[in-house]
Amino acid sequence: MLVSYRATPSAGFHLPRLAQASYDDRATFSAEVPKEIVPKIITANGIDAATLRTEVMPGGYLLKTNASLQTEGDLDDAAAGRLAGSLGYVFRQYRVLTSRLNDTTGKTGFVVVRFPQGSLNATVAQRFFEAADATKKGLGGGYAVFGDEQIFLNATNSEGKPCSGLDDASFQDGLSRAAVSFGSPKPMVSSLGNATARFIGNDWQRSTRGEDYQTLLGGSDGELVRKLDEISRCYAFLLAKTADSKGWAKDE
C-alpha cells in the first residue's frame, strides 16, 4: 500500500507566505517530518515503524508540483485507512490518498511512467505533468512519485466518476502518447491497468477540529486521537520553527 500526503499543512495554521515557498524549502521541511513525526504516528497506530518506508518525493495536483511524502508498506485496507486518517489529522490535510497498484480487482485506472534511474526530479516531473495535460486535457489532475516512477491514478469522486473527466482507456492512452512524445530524459510506460485507490479526508472549513478524521480514528475521546493530539503539538513546534526561519508566518 502506498500512502501519499504532504508535510506542509493545508489548514489550521496562519502561514500567509507558505503558498510562495520554494519547492526546495518545502522539501527541506518535509525531510524533517519523517525523522521527527511520521514514526510517532505509525507507532500510535500499533504498527512497527521499521516495516514502513517514507520518502520525500515530488507530487502533483492541478498542474502544480509540490514536495510530498510517500509511505509504503504491507498494510491491509483498514490499517492503511487509519494511518492515512492519522497523517491527515496531524498534518491538517484535506485529503490523503491510499493506493494499491498490484490489486487487479481494483476499479481505478492507473499508469506508471518510468524514467531512467536517478533522472526523475521535481523539474522533470512537472515538465511531464504539463506535457501530459497538453496531450489530453484531464491528465493534469495529479500524480505521485516513488523512486524513478511517476504514478498517475484516474481517481474518482464520491459519485464514482473520474475526476479527470476521462474514462480509463482515454486516460491511459493519453499518458502513453505523452511518454512516447516526451524528450529527455526519455520515459516509458512500465505498467498500466486497474488499482485500488481511495481518498481519506476532512473538510477543515466545515469540520474545524478534524471531526471527519476523528470519527474514522475512534472518536475525539479515543486513545488514538489523544495520542495524535500529543504528536500534533510536536508537529506544530517543528512547523513554527521552520516558519519563523523561512518567513512563512509573516503577513503579506
Side-chain angles (χ1 to χ4, degrees), residues 1-15 17-61 65-75 79-99 117-118 120-123 125 143-151 200 202 210 213 217 223-249:
M1 185 71 77
L2 186 66
V3 184
S4 307
Y5 54 103
R6 289 204 306 266
T8 51
S10 299
F13 295 89
H14 182 68
L15 300 171
R17 295 194 180 183
L18 178 58
Q20 286 77 47
S22 68
Y23 178 89
D24 287 344
D25 281 350
R26 288 172 178 263
T28 298
F29 172 71
S30 298
E32 291 300 312
V33 169
K35 301 175 189 175
E36 304 289 338
I37 309 297
V38 173
K40 295 177 182 178
I41 297 173
I42 295 172
T43 301
N45 276 268
I47 302 168
D48 181 358
T51 64
L52 303 183
R53 181 164 59 117
T54 299
E55 296 187 6
V56 181
M57 290 288 179
Y61 178 65
T65 290
N66 234 316
S68 297
L69 292 176
Q70 310 292 340
T71 296
E72 183 188 46
D74 185 11
L75 298 170
R82 285 192 299 273
L83 179 59
S86 299
L87 293 163
Y89 181 68
V90 172
F91 299 138
R92 298 303 189 259
Q93 301 293 298
Y94 275 92
R95 58 184 189 173
V96 174
L97 176 66
T98 65
S99 57
Q117 186 174 1
L120 183 55
N121 55 29
T123 301
Y143 72 84
V145 166
F146 202 80
D148 299 306
E149 296 181 326
Q150 193 167 5
I151 304 165
I200 309 296
N202 180 82
Y213 285 135
L217 302 173
E223 180 181 1
L224 177 53
V225 170
R226 288 200 300 271
K227 290 179 180 178
L228 295 175
D229 284 338
E230 181 63 33
I231 297 169
S232 293
R233 287 188 275 275
C234 298
Y235 169 69
F237 177 79
L238 179 64
L239 179 62
K241 183 172 65 173
T242 302
D244 182 61
S245 66
K246 300 298 183 182
W248 293 349

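Put simply, the side chain of Asp48 gets close to the backbone of Ala50: a donor and an acceptor are under 3.5 Å apart. Proximity of a side-chain donor or acceptor of Tyr213 to a complementary backbone N or O of Arg92 within less than 3.5 Å is not detected. Distance alone, capped at 3.5 Å, is enough to place a donor-acceptor pair between the Ser245 side chain and the Thr242 backbone. A donor-acceptor pair is defined here as one N or O able to donate and one able to accept, closer than 3.5 Å; no such pair exists between the side chain of Gln150 and the backbone of Gly59. With Tyr89 contributing its side chain and Asn202 its backbone, the two residues share no donor-acceptor pair below 3.5 Å.
Between Gln70 and Val145 there is no side-chain heavy-atom pair separated by less than 4.5 Å. In this structure the side chain of Phe237 never reaches within 4.5 angstrom of the side chain of Glu36, judged on heavy atoms. Glu149 has its side chain out of reach of Leu120: every pair of non-hydrogen atoms, C-beta onward, lies at least 4.5 Å apart. Side-chain contact between Asp74 and Thr51: absent, with no pair of heavy atoms (C-beta onward) separated by less than 4.5 Å. Contact check for Leu75 versus Leu52: side-chain heavy atoms found under the 4.5 Å cut-off. Side-chain contact check for Leu69 versus Leu87: every heavy-atom pair is 4.5 Å or farther apart.
With respect to the salt-bridge test (charged N to carboxylate O, under 4.0 angstrom), the residues Glu32 and Lys35 qualify. A salt bridge does not link Arg226 with Glu223: none of the charged nitrogens is closer than 4.0 Å to a carboxylate oxygen.
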